[in-house]
Amino acid sequence: MRKPQIITISGAGSCRTPALIGTLMQMKERFPVRRIIFMDKDLSRFHKIEDYCRLLLKTYSPQTEIIVTDDLDQAYSHCDFVFCQMRVGQSRMRSLDEKIPLKYGLVGQETCGPGGFAYGMRSIGGMKEMVDCVRRHSDQTWILNYTNPAAIVGLALDRLYPEDQRIINMCDQPYSMMVSFAKILNVDPKKLRARYFGLNHFGWFTDLYDTQGNQYFDQLRDYLKNHDFRPYNAEQRTKSWLDTYLRVNRMLNCVPEYIPTTYLQYYFYSEEIVRESDPHFTRADETMQTREKEVWDLCAKAVGREELGDLPVLTSPVFGSMMVEVAESIAYDLNQEFIVMTRNRGLIDNFPSDAVVEVAGTLGSQGVKGIPYGSIKPFYKGLMENQYAYEELTCQAWMERDYTKALQALALNRTVNDFDKARAVLDDLMEANKEYWTLEKRDGSCI
Ligand code: G6P
Ligand code: MN
């Protein structure tokens with residue numbers, strides 16, 4: 001049997017946790033867990049789902065020890081893996097990240113544009129506190145980060161801990177798209193491989209083949225020219241996600257050489273997306289009324305029960321499965337291929353070597369190993385350089401608390417592009433986020 005692991009779930013109060021536990025139970029032979037530490041600074045959220053999680057574990061893995069804590073040292077002192085899905089500011093701040101930009105006619109999204117900027121500034125602080133605590137206790141613990149915006153968090157952590165090979169930043173969207181591709185192509189998703197380049201939430205698939213060497217890229221592009229792209233992922237079937245996938249068809253019909261990831265829609269259809277957004281009801285509201293409510297309703301039924309009985313086992317076939325497969329590949333040195341984030345160091349040979357890029361790569365006991373991509377063409381290079389400068393300025397603004405750098409970041413962001421709007425939205429976001437981050441105006445900037 002494989003050596004059982006100790007994991008800490010950071011941000012355990014997330015409504016995604018029950019399905020993650022269900023997935024861990026489903027995959028318990030592949031990734032056995034000796035102890036789970038549920039960590040959340042706000043345990044009142046975790047308490048809503050606690051009984052259900054306990055029943056899942058009692059039913060399917062009674063030997064797993066359970067610890068519930070809001071204490072950093074207890075959470076991070078003895079664990080093999082941290083599964084980090086914290087959301088600093090919770091859904092309440094997500095909602096503001098999405099709504100404030102819309103007031104100025106700007107895209108309101110949690111990871112892209114000004115909302116992503118504000119969330120990034122919150123996440124860097126929360127992540128740094130966690131990583132510092134983990135590393136005070138051990139340099140061996142693997143930190144698997146799913147906290148968004150992963151592009152900003154990944155870059156900031158790379159700058160703050162440049163030697164640390166055990167912080168792995170992951171995103172499930174390329175994985176999710178590949179599962180949908182596999183479905184369309186009628187191929188086993190486990191056998192599908194991609195060539196891919198970009199930054200997180202800013203990338204392109206450039207080839208697709210299986211482990212036997214069969215090529216699928218042209219077939220898939222032909223299919224997407226004439227058929228609506230539909231997500232396989234059951235979590236992505238609400239209207240906003242369905243619209244998002246359809247814009248992949250449209251982007252592909254403009255520039256058919258590569259398949260863009262869904263998040264590029266915010267940069268190429270900014271105006272349309274703003275027009276179609278409801279400033280009083282954004283994705284945060286949608287998730288609270290759908291996923292969050294469904295999970296809480298189910299978990300409410302578990303409160304006080306001794307047995308799981310007829311309650312369904314929630315699983316997460318995309319997000320949760322990927323999290324567990326990533327941990328499995330590292331723990332048992334499987335070197336499975338994923339779309340990974342890593343410092344470039346020449347993987348994309350005509351892009352800055354200290355950027356954090358997203359490419360195909362393997363994960364094993366040595367950490368991430370990116371597969372060299374080669375060079376990228378001017379259109380993509382131009383877009384990525386712009387976006388990377390935005391990401392870098394955002395990280396610098398956080399580290400130096402520098403208002404001007406924050407303003408530069410926002411003005412550079414392709415969803416903004418206007419100093420007056422950048423300034424207005426920055427001031428509003430800064431006010432809304434004052435308990436999380438502040439910036440200083442220096443040299444008389446922007447009086
Ligand atoms: C995708 C992205 C994640 C993001 C999630 C948001 O999976 O890769 O980074 O957190 O979508 O989904 P939601 O359903 O919360 O809008
Ligand atoms: Mn993501």
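The figures here come from the full heavy-atom set of this structure, side chains too, leaving out hydrogens, waters and symmetry mates. All ligand and atom numbering here is 1-based and tracks the order in the structure. All values reported here derive from a predicted model rather than from experimental measurement.
Salt-bridge annotation for Asp97 and Arg122: present, with a side-chain N of the basic residue lying under 4.0 Å from a carboxylate O of the acidic one. Taking 4.0 Å as the cut-off between side-chain N and carboxylate O, Lys301 and Asp51 do not count as a salt-bridged pair. In summary, Asp70 and Lys41 do not engage in a salt bridge, as defined by a charged side-chain N under 4.0 Å from a carboxylate O. A salt bridge links Asp218 to Arg221: one of the charged nitrogens lies within less than 4.0 Å of a carboxylate oxygen.
Remark: Phe38 pairs with Phe46 by the ring pair (Phe, Tyr, Trp, His ring centres under 6.0 Å) rule, at least two apart or across chains.
Note on the Mn ion (ligand 2): protein N/O/S atoms under 2.8 Å are Cys171 SG, His201 NE2.
Under the 30°/60° scheme for interplanar angles, the aromatic rings of Tyr388 and Phe351 are found to be tilted.
Applying the side-chain hydrogen bond (donor to acceptor under 3.5 Å, both in side chains) definition to pairs two or more places apart or across chains, those involving residues 263-274 are Thr244-Gln265, Arg247-Gln265, Arg247-Glu272, Arg250-Glu272, Tyr267-Gln387.
Ring to ring, Trp204 and Tyr380 are close: their centroids are under 6.0 angstrom apart.
Arg230 forms no cation-pi arrangement with Tyr245, by the criterion of a distance under 6.0 Å to the ring centre and an angle within 45° of the ring axis.
Within 4.0 Å of ligand 1, protein heavy atoms belong to Arg16, Arg94, Glu110, Asn148, Cys171, Asp172, Gln173, His201, Gln236, Trp241, Tyr263, Arg283, Thr287, Arg291, listed by chain and number.
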